Amino acid sequence: MAKRVKSAVLFVLLLAVFLGMFAAFGPGLYNDSDQYMKMHIHREPLYPLFLLLLRTICGEGESWLILMGILQNVLAAFSIWYMAEYVGRRFRLCLWEEAAVALLGILPYVTTIFFSALHLVMANGVMSEGLCLPLFTVYMTECFKLAAETERRTVGRAAAVSLGLAFVLSLTRSQMMLTILMWLVVLWAKIICQRPQKRDGKGMRLSSRKALARRLLCLSAAAGAVACVFALRLLAVKSYNFVFNGHFINNTYGPVNTLTNILYSADREDGEGIKDEEARDFFYRMYDLTEERQANYKYAGDSLREKTEHIEEWHDTIKYEMIEDVFYQTYDKYVTSDYIIQNLMADETAGKIMKGILPGCFLRWCGNYLLIARYGLIRSIAVVHPALNWVAAFIYLSAFAMMGLAYRKDKKSPAVRVMAVALLAVAANVAAVSITIMCLSRYMIYGFVPFYTAYFLLLAECYRGYVSRPVRNGKKH
């Protein structure tokens, strides 16, 4: 009973915090909010459908914004409570330790108000992060279970729930397709590392060959499940666009996004590799604009900091004013004003441009990719600042050091497995985002709670291992 009371009190306190933030700041409209409300072809279906449902329920006026804010804040509170409850139970945390995990869950929602470029109140805003971040927190909790638990039924349930959440997340933000692949990596690691079954379901002894065949079957089944989820996602997105936009197509804009950082890394002579004459003409016009405004790699400075900040400073300008405007003004004048057709044509031409110029600028693009990813790793756990950058590096290194210490003491340490999953999530998110855009705080914030929760658990395990060592001759051994 005491545990239930403690759990209920924690949830109520979290609700009070989040609903209090909603009361203080109110609903927020940001740069991308209009696209979600208008069910734009660029946007994944889940969040626009969520907003449509709210507007249908509430009718005329803006009362739906109040309902949206309440629901998103309740979901945020639930997700933090859900993770804190699980790690508290699994790792036998005391009251203050579980409260510390819950506090870690609140921090991203507070820090983005002060440190993000848009000063976002994420749980209040008309933006997909309002659903995506709490759903990702629940997803990561299930992945923690998948990695740390040993009971087959619990592992099977966690695998099913986390894959379902990965599918839902992929319909919320395209970068969240990484959760499907991440699920496969975690499950494969679980299957490969576990001891082979010695007996089947009827108690009959299995030969080593049959045990290996079963393991390979499980690995293949997991890969097949991932393929099915990707196919189902594609069908869901195309069906949504057919119903609401009149075209049975995937979301557009991906190639245009990806072209931005490649164009930044290109030289004018790289355009000679573009075979399509129209695409080559587009490239030269875009490249000349970057030269005119000193918006490509040549003007980035010498230090790593100057190079990275130059990329981030010019990214959106290149994308909107030097790529989009060149495409859409041409299409408006000579082809069509239908924005969906324009998007499809722009994506096709962007693909031709990338295919032609990437061989010539590949190494420069890779270097810039690593610069963007470097800031992404920092923003996943801290704020970019000359002093804090070194702090972030120390935190990562100390995490690996504690993993080594905990693993040396217990090769089955659940805290090590949880940290491995958290680091995988951070790396996967940084790798995915760095390809198409710059690593802003609101794209990187997903790794914050899982990483620091795992860090706290590792720290607690290492500390307990130290204080529990036997004392001999006045020294711990």
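None of the values given here were measured: they were computed from a predicted structure.
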Colleague: So do F22 and P27 actually touch side chain to side chain, heavy atoms under 4.5 Å?
Modeller: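 The answer is yes, as the side chains (C-beta and beyond) meet within the 4.5 Å cut-off.
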Colleague: Taking atom CZ of F451 and atom CG of L424, what is their separation to the nearest 0.5 Å?
Modeller: 13.5 Å
Colleague: Please determine whether the number of non-hydrogen atoms from other residues, nucleotides or ligands lying under 6.0 Å from atom OH of Y407 exceeds 12.
Modeller: no
Colleague: How close do Y369 and S434 get, heavy atom to heavy atom, and via which atoms?
Modeller: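 Taking every non-hydrogen atom into account, CE1-CB, 3.4 Å.
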Colleague: Which value, rounded to the nearest 0.5 Å, describes the distance between T436 atom OG1 and I262 atom CD1?
Modeller: 10.5 Å
Colleague: For residues N261 and I435, report the shortest heavy-atom separation together with the two atoms involved.
Modeller: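 Looks like ND2-O, 4.0 Å.
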Colleague: Looking at side-chain heavy atoms only, is the closest gap between F11 and E85 below 4.5 Å?
Modeller: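 No - every pair of side-chain heavy atoms lies 4.5 Å or more apart.
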Colleague: Keeping the roles fixed (side chain from N251, backbone from R43), state whether a donor-acceptor pair exists under 3.5 Å.
Modeller: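 Indeed, once roles are kept as given, a pair shorter than 3.5 Å links the two residues.
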Colleague: Applying side chain to side chain donor-acceptor pair (under 3.5 Å), which residue pairs with at least one partner in residues 383-398 are found, sequence neighbours left out?
Modeller: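 Pairs touching residues 383-398 that pass the test: S398-Y455.
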Colleague: For the pair T258 and M354, evaluate side chain to side chain contact (heavy atoms under 4.5 Å, CB included) and give the outcome as yes or no after the intermediate values.
Modeller: CA-CA 9 Å; T258 307; M354 285 188 288; 3.7 Å; yes
Colleague: Set out, in order, the CA-CA distance, both residues' side-chain angles and the distance that settles side chain to side chain contact (heavy atoms under 4.5 Å, CB included) for N429 and M444, then state yes or no.
Modeller: CA-CA 7 Å; N429 190 38; M444 295 296 100; 3.7 Å; yes
Colleague: Side-chain contact test, heavy atoms from C-beta onward, threshold under 4.5 Å: evaluate it for R379 versus Y443 and give yes or no.
Modeller: no
Colleague: Would you confirm whether R55, through its side chain, and M37, through its main-chain N or O, come within 3.5 Å as a donor-acceptor pair?
Modeller: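 Indeed, once roles are kept as given, a pair shorter than 3.5 Å links the two residues.
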Colleague: Which of these, R89, K6, R90, sits in a salt bridge (Lys or Arg N to Asp or Glu O under 4.0 Å) with E98?
Modeller: K6
Colleague: Would you say that F244 contacts P45 through its side chain, given a criterion of any heavy-atom pair below 4.5 Å between the two side chains?
Modeller: no
Colleague: Ion pair present between R464 and E461, side-chain N to carboxylate O less than 4.0 angstrom?
Modeller: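 No, R464 and E461 are not salt-bridged.
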Colleague: Is it the case that atom CD in E151 sees more than 12 heavy atoms from other parts of the structure closer than 6.0 Å?
Modeller: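 Result for CD/E151: enclosed.
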Colleague: Distance alone, cut at 3.5 Å: any donor-acceptor contact between the side chains of W64 and T56?
Modeller: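 On atom types as modelled, these side chains do not qualify, holding no pair under 3.5 Å.
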Colleague: Might you point out which heavy atoms bring A123 and A76 nearest each other, and give the distance in Å?
Modeller: CB-CB, 4.5 Å
Colleague: Testing the basics here: between C132 and L169, what is the closest heavy-atom pair and its distance to 0.1 Å?
Modeller: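 Here C132 and L169 meet closest at O-CD2, 3.6 Å.
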Colleague: To check you understand the geometry: which heavy-atom pair defines the closest contact between L178 and A432, and what is its length?
Modeller: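 Minimum heavy-atom contact is CD2-CB, 4.0 Å.
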Colleague: Might you confirm whether atom CZ of R305 has over 12 heavy atoms from other residues, nucleotides or ligands at distances under 6.0 Å?
Modeller: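 Check fails, neighbour count at 12 or below.
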Colleague: Would E44 and T172 count as having a side-chain donor-acceptor pair, cut-off 3.5 Å?
Modeller: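 Short answer, no.
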Colleague: Would you say Q72's side chain and G69's backbone share a donor-acceptor pair under 3.5 angstrom?
Modeller: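 It does not hold such a pair.
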Colleague: Donor-acceptor pair, distance only, cut-off 3.5 Å: does the side chain of R233 make one with the backbone of S170?
Modeller: yes
Colleague: Taking K307 for the side chain and G301 for the main chain, is one N or O donor matched with an acceptor at less than 3.5 Å?
Modeller: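 Side chain of K307 to backbone of G301: a pair is present.
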Colleague: Report the distance from atom CG of D34 to atom CG of L29, rounding to the nearest 0.5 Å.
Modeller: 9.0 Å
Colleague: Do the non-hydrogen side-chain atoms of L181 and F230 ever get within less than 4.5 Å of each other?
Modeller: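 Of all side-chain heavy-atom pairs linking F230 with L181, at least one is under 4.5 Å.
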Colleague: Has T154 got a side-chain atom pairing as donor or acceptor with T150's backbone, closer than 3.5 angstrom?
Modeller: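 Not at all, since once roles are kept as given, no pair shorter than 3.5 Å links the two residues.
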Colleague: Say whether, by atom type as modelled, one donor and one acceptor occur between the side chain of W81 and the main chain of S7 under 3.5 angstrom.
Modeller: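 Pair found, side chain donor or acceptor close to backbone of S7.
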Colleague: Does E149 offer a backbone N or O that forms a donor-acceptor pair with the side chain of K190 under 3.5 Å?
Modeller: yes
Colleague: Does the separation of the ring centres of Y82 and Y86 fall below 6.0 angstrom?
Modeller: no
Colleague: Return yes if some donor-acceptor pair links the side-chain N/O of S413 with the main-chain N/O of K409 below 3.5 Å, else return no.
Modeller: no
Colleague: For ring-ring contact (aromatic ring centres under 6.0 Å, His included), just list the numbers for Y297 and H310, CA-CA rounded to whole Å, side-chain angles, deciding distance to a tenth of an Å, and then say yes or no.
Modeller: CA-CA 8 Å; Y297 78 96; H310 190 266; 9.7 Å; no
Colleague: Assess, by modelled atom type and distance only, whether the side chains of N124 and N73 contain a donor and an acceptor separated by less than 3.5 Å.
Modeller: yes
Colleague: Starting at CE of M127, measure out to CG of L51 and round the result to the nearest 0.5 Å.
Modeller: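 Spacing of CE (M127) from CG (L51) equals 12.0 Å.
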Colleague: Is there any ring pair (Phe, Tyr, Trp, His ring centres under 6.0 Å) pair reaching into residues 142-191, and which pairs are they, with sequence neighbours excluded?
Modeller: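 Applying ring pair (Phe, Tyr, Trp, His ring centres under 6.0 Å) to every pair that reaches into residues 142-191, excluding sequence neighbours, yields nothing.
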Colleague: Step by step, work out the side chain to side chain contact (heavy atoms under 4.5 Å, CB included) result for E129 and L120.
Modeller: CA-CA 10 Å; E129 283 85 353; L120 302 170; 5.9 Å; no
Colleague: Does any non-hydrogen side-chain atom of L133 lie less than 4.5 Å from one of Y109?
Modeller: yes
Colleague: Are side-chain heavy atoms of L187 and I191 found at a separation under 4.5 Å?
Modeller: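 The answer is yes, as the side chains (C-beta and beyond) meet within the 4.5 Å cut-off.
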Colleague: Atom CE of M177 and atom CG of L234: how far apart are they, to the nearest 0.5 Å?
Modeller: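 With rounding to 0.5 Å, CE (M177) is 9.5 Å from CG (L234).
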Colleague: Just checking, any donor-acceptor pair under 3.5 angstrom between side chains of K238 and N250?
Modeller: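 The answer is no; no qualifying pair exists.
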Colleague: Please tell me if the side chains of L459 and M402 come closer than 4.5 Å, counting only heavy atoms from C-beta onward.
Modeller: yes
Colleague: Regarding S265 and N368, is there a side-chain donor-to-acceptor distance under 3.5 Å anywhere?
Modeller: yes
Colleague: Evaluate salt bridge (Lys or Arg N to Asp or Glu O under 4.0 Å) for R374 paired with E312, printing each intermediate quantity in order.
Modeller: CA-CA 12 Å; R374 170 175 162 264; E312 293 191 340; over 6 Å; no
Colleague: Is a donor on one side and an acceptor on the other found under 3.5 Å between the side chain of Y139 and the backbone of T179?
Modeller: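 Yes, because the side chain of Y139 sits within donor-acceptor range (under 3.5 Å) of the backbone of T179.
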Colleague: Would you indicate whether Y299, at its atom OH, is surrounded by more than 12 heavy atoms from other residues, nucleotides or ligands within a distance under 6.0 Å?
Modeller: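 Atom OH in Y299 is crowded, with more than 12 foreign heavy atoms closer than 6.0 Å.
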Colleague: How long is the gap from SG on C439 to CG on L371, to the nearest 0.5 Å?
Modeller: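 One finds 11.0 Å between SG of C439 and CG of L371.
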Colleague: Is the distance between the ring centroids of Y452 and F448 under 6.0 Å?
Modeller: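 Aromatic pair counts; centres sit under 6.0 Å.
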Colleague: Please give me the minimum heavy-atom distance between A147 and V421, naming the atom from each residue.
Modeller: CB-CG2, 3.6 Å
Colleague: Could you walk me through whether R157 and E142 pass the salt bridge (Lys or Arg N to Asp or Glu O under 4.0 Å) test, one step at a time?
Modeller: CA-CA 9 Å; R157 187 184 303 114; E142 295 300 317; over 6 Å; no
Colleague: Test D32 against H40 for side chain to side chain contact (heavy atoms under 4.5 Å, CB included), laying out the working first.
Modeller: CA-CA 10 Å; D32 298 334; H40 199 283; over 6 Å; no
Colleague: For V383, which of I378, L388, T111, V391 qualifies under side chain to side chain contact (heavy atoms under 4.5 Å, CB included)?
Modeller: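 Among I378, L388, T111, V391, the one meeting side chain to side chain contact (heavy atoms under 4.5 Å, CB included) with V383 is L388.
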